[in-house]
Amino acid sequence: MELNFNKIEKKWQKAWEKAKIFEVKEKSKNKKYYVLEMWPYPSGSGLHIGHAFNYVVGDILARFKRMQGSNVLHPMGFDSFGLPAENAAIKNKSHPKKYTEDAISNFIKQQKALGISYDWSRVVSAHNPDYYKWDQWIFLKMLEKGLAYKKKSPVNWCQKCGTVLANEQVHNGKCWIHKDTDVEIKHLEQWFFKITNYANELYEDINKLKNWPERIKAMQRNWIGKSYGTEILFEINGEKWPIFTTRPDTIYGVTFMVISAQHPKLMQLVTEKQKKEIEEFLKKIKSTSEKDATELEKEGAFTGSYAINPLTKEKVPIYAGNFVIADYGSGMIMAVPAHDSRDFDFAKKYKIPVKEVIKGGNVKKEAYTEDGKLINSKEFDGLDNHQAINEITKYLEKKKIGKRVVNYKLRDWLISRQRFWGTPIPIIYCEKCGIVPVLEKDLPVKLPENIKFTSEKNPLIDYKPFVETRCPKCGKKGRRETDTMDTFVNSSWYFFRYTDPKNNKKIFDTEKAEYWNPIDKYIGGAEHACMHLIYFRFYTKFLRDLGLINLDEPTFNLFNQGMVHGEDGFVMSKSRGNVIDPLNIIKEYSADTLRIFLVSIASPDSDYSWNNSGIESMHKSIKKIIDFYKHLKIGKSSSKIESKINKSIKEITENIENLKYNLAIIRIKSLLEDLISEKEVSKKDAEIFLKLISPFCPHITEELWEKFGNRGFISLESWPEFDNTKIDERFEQQEKAIENLIDDINNILRIVGEKKEKVFVYVLPNEKLLYSNESDLIKKKTGLNVFVYAVNDKEKHDPNGKAKKAKPGKPAIYIE
RNA sequence: GCGGGUAUGCCGGAGCGGUCAAACGGGACAGACUCAAAAUCUGUUGGCUCAGUGCCUACAAAGGUUCGAAUCCUUUUACCCGCACCA
């Protein structure tokens with residue numbers, strides 16, 4: 001009687017689709033619940049086990065909430081712009097659209113094979129002009145609000161991508177996609193979004209993200225990098241230069257200044273005499289730029305200029321240095337070698353004097369960076385350095401030579417990309433009018449479809465039908481921007497579009513978006529902590545400020561599922577040969593087995609390794625469930641099983657609610673064992689059990705539900721409620737007592753070490769029924785024939801007089 | 001360097017103040033069934049001891065809080081992750 005799982009799966013997947021049971025509307029009496037898994041990049045190789053895990057984690061919750069009576073929005077879409085599609089097009093001399101759309105249909109097929117309960121009527125794809133039109137619209141709004149701007153600046157360039165990258169996409173000096181490729185610095189005119197305008201709000205509102213993993217919040221705090229300090233005006237060549245420092249208490253110890261080698265105004269400070277030296281220095285650091293930043297020694301060269309310390313009026317030399325970051329703070333630092341180890345290293349190397357201003361260390365040997373009392377600081381001498389930070393800042397403010405400021409590490413978001421397969425930036429360059437935005441009514445600016453892909457170069461540049469256009473202002477000839485936008489713009493607002501995916505008048509209807517948002521549970525990997533998960537917060541705030549939505553944060557509830565590793569414990573990779581293909585697993589074991597197995601090994605938020613014997617045994621459990629229903633005798637449930645069922649409902653409900661699926665599954669399995677050992681079970685209880693497994697194994701539960709003679713879908717049934725009055729702890733106690741007895745008997749058997757046949761159990765008269773009712777179980781577990789006597793039974797067989805040892809709840813035993 | 005996290009038995013992994021020698025799964029070993037194997041079922045799986053009791057050593061290490069700690073606090077160590085010359 002082999003079951004054809006795949007056939008059953010297909011049957012129900014079709015039935016769900018036909019009945020459109022997962023499609024939702026805003027009009028509902030029920031409470032809304034928005035479950036969202038991060039949309040994938042549809043790669044040509046199809047979905048991998050990590051995707052499957054991600055979707056299953058979300059789907060179990062979606063199905064559970066739906067059964068609980070929520071109006072559940074569970075949509076899916078595709079982040080379909082990006083480099084692989086373009087590279088494939090170059091290779092095959094085709095168009096990225098074809099690659100992308102093939103990949104999408106393959107993804108959908110696979111997602112359906114997993115039995116994920118998406119509302120397929122809402123699917124969106126980034127590369128669809130109906131979608132990216134709104135990317136362009138947002139761009140125009142950003143421009144209007146002064147949040148989109150173009151500037152020439154040093155930008156990160158990845159040779160392999162053939163394009164610039166945002167700061168967030170540079171990891172350890174390497175490209176986020178090509179992890180072996182050093183990012184180069186190029187000076188280019190590029191478009192930016194002024195995310196820094198929101199730096200403070202993005203930082204402060206992290207506190208509102210109550211149900212986000214701590215580490216993601218920590219990463220974002222770190223990335224935004226808010227720090228409080230003082231800006232002090234130093235006079236250089238008669239001009240005031242603001243210098244940011246967090247240590248104004250050390251201002252009397254400044255012995256030199258260092259300006260970043262990348263600072264745009266560096267050459268202004270270089271004197272004729274020093275020009276050669278500086279140029280040599282710049283050349284040198286350029287040639288060593290491929291080295292790991294950590295290994296770089298601090299280096300610099302004297303610019304020839306001096307700065308005047310506003311408090312001491314001392315003249316200190318200004319160096320250009322390789323360790324100062326151009327666009328953090330003021331791009332120039334006041335160097336205090338006595339109390340900063342970097343400054344100290346630099347001073348030692350270039351023989352610059354060290355001036356101690358905080359007591360406590362030996363500044364001849366090393367920088368003293370701990371706390372202490374001020375010295376050599378005139379009227380501030382003797383102050384505790386923490387106090388001094390305050391006092392000196394106050395003094396500077398009074399003299400108008402400094403002020404308290406807040407600084408952020410966050411940089412503006414560089415969104416230009418020199419690639420084809422992205423959202424075109426809706427800008428026209430006119431000789432007369434300059435930079436002119438495309439009119440809203442002319443959106444979308446579409447990517448051409450009959451364009452040839454021959455080389456790595458963006459083909460738009462040479463494609464006249466695209467490039468040549470008219471200026472919307474003066475009507476003269478204009479040239480279109482050929483750069484496209486970073487693909488992260490697409491994912492920054494897609495969760496709003498799901499709520500109104502077909503709207504061609506507006507980006508989304510406010511009412512609809514406000515009905516569904518914020519997302520109630522957002523599920524995805526942790527790798528986007530400082531990219532997507534910052535950008536989508538930024539967009540939400542921007543759209544709020546446009547008056548489109550009254551919402552500060554896209555979600556307060558973020559869940560990071562763990563990584564699924566190969567059976568060898570390593571990350572799955574083709575080269576290691578440890579890749580598990582979800583489709584193969586579905587074919588071999590069924591989608592239900594894969595689903596339940598994926599969430600059974602460990603808590604879904606922790607990493608784990610695939611285990612082949614594990615899925616094997618899970619598959620057996622599934623068959624056992626089916627078998628149980630095949631042989632089930634419907635009748636009346638014992639009060640014991642009723643107690644167990646109600647207790648299980650309670651616990652499983654809690655476990656699923658908290659995404660502790662692994663624990664829910666343990667309960668399910670143990671309840672199954674209990675049910676199997678019953679002689680008969682009521683129809684109601686048998687159905688409750690099916691419902692409890694349904695979010696994990698939707699296909700077989702639909703099938704069994706139907707076999708029960710039910711019409712309609714179990715997926716739409718209501719989740720069982722538990723009845724506290726049916727839960728009777730006495731059953732647990734009794735069970736424990738029987739277990740103890742079995743343990744004791746087995747223990748004696750082990751000690752005796754001989755083969756025995758019979759066990760005589762002597763119990764108190766009032767306990768006789770309890771134990772004799774379970775004699776089958778005792779027999780099964782000990783392999784002995786069981787005889788239960790009341791201690792006062794005159795007929796009892798008790799050659800060793802053991803019966804008198806019996807105590808309440810602890811029977812006496814004799815084995816022979 | 002900064003920040004976040006983790007450390008449990010052969011392995012994976014629960015537990016997060018008592019009911020813990022520690023759920024559940026995998027593996028291993030033993031038994032039942034079988035001509036035999038697979039499947040299935042049952043038991044064992046820290047040590048000593050014992051007709052079922054009891055004792056010892058245990059949840060990275062060392063301290064501490066507590067009547068009581070795998071669970072709370074401190075320090076240390078190891079590992080993982082993120083940022084990294086951010087002034």
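First the proteins, then the strands, lettered A, B, ... as listed; each starts at 1. Everything numeric here is computed off the predicted structure, so don't read it as measured data.
In summary, A:Arg730 and A:Glu735 do not engage in a salt bridge, as defined by a charged side-chain N under 4.0 Å from a carboxylate O. No salt bridge links A:Lys781 with A:Glu739; every basic N to acidic carboxylate O contact stays at or beyond 4.0 Å. In this structure, A:Glu299 pairs ionically with A:Lys284, as a charged nitrogen and a carboxylate oxygen lie closer than 4.0 Å.
Across all strands, A:Lys217 comes closer than 4.0 Å to no nucleic acid atom at all (heavy-atom distances). No engagement by A:Ala529 is indicated, since no non-hydrogen atom pair under 4.0 Å with the nucleic acid exists. As judged by a 4.0 angstrom heavy-atom cut-off over every strand, A:Asn800 is placed among residues making no nucleic acid contact. When heavy atoms are screened at a 4.0 angstrom cut-off, A:Arg667 is found touching no nucleic acid atom at all. Residue contacts for A:Ser600: at a heavy-atom cut-off of 4.0 Å it reaches no nucleic acid atom on any strand shown. Within 4.0 Å (heavy atoms only), A:Pro248 reaches no atom of the nucleic acid at all. Residue-level contact check: A:Lys624 touches the backbone only, with heavy atoms under 4.0 Å from sugar-phosphate atoms and none from bases.
A sub-4.0 Å separation between OP1 or OP2 of B:G43 and a side-chain N or O of A:Lys781 is present. Within the structure, every side-chain polar atom (N or O) of A:Ser341 is placed at least 4.0 Å from both OP1 and OP2 of B:C85. Phosphate proximity of B:U42 to A:Lys780: present, with a side-chain N or O under 4.0 Å from OP1 or OP2. Distances shown here put every side-chain N or O of A:Tyr814 at or beyond 4.0 Å from the OP1 or OP2 atom of B:A51. Contact check, A:Lys736 against B:U19: no side-chain N or O comes under 4.0 Å of OP1 or OP2.
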Nucleotide-resolved protein contact map, nucleotides 25-32 of chain B, B/S/- at heavy-atom distance under 4.0 Å:
SSS-----
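The distance from atom CD1 of A:Ile195 to atom CG of A:Leu202, rounded to the nearest 0.5 Å, is 5.5 Å.
One atom, CG of A:Asn746, and another, C1' of B:A51, lie 13 Å apart when rounded to the nearest Å.
Contact annotation: side chain of A:Asp744 to base of B:G52, donor-acceptor pair present below 3.5 Å.
Between A:His532 and A:His528, the ring planes lie perpendicular to each other; the angle is over 60°, past the 30° to 60° tilted range.
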Could you write out RNA chain B as dot-bracket? Rules: Watson-Crick or G-U wobble, both distances under 3.5 Å, brackets [ ] for crossings, | for pairs with another strand, dot for unpaired.
((((((((.[[[..)..(.....]]]((((((.......))))))(((.....)))...[[[[[..)....]]]]])))))))....
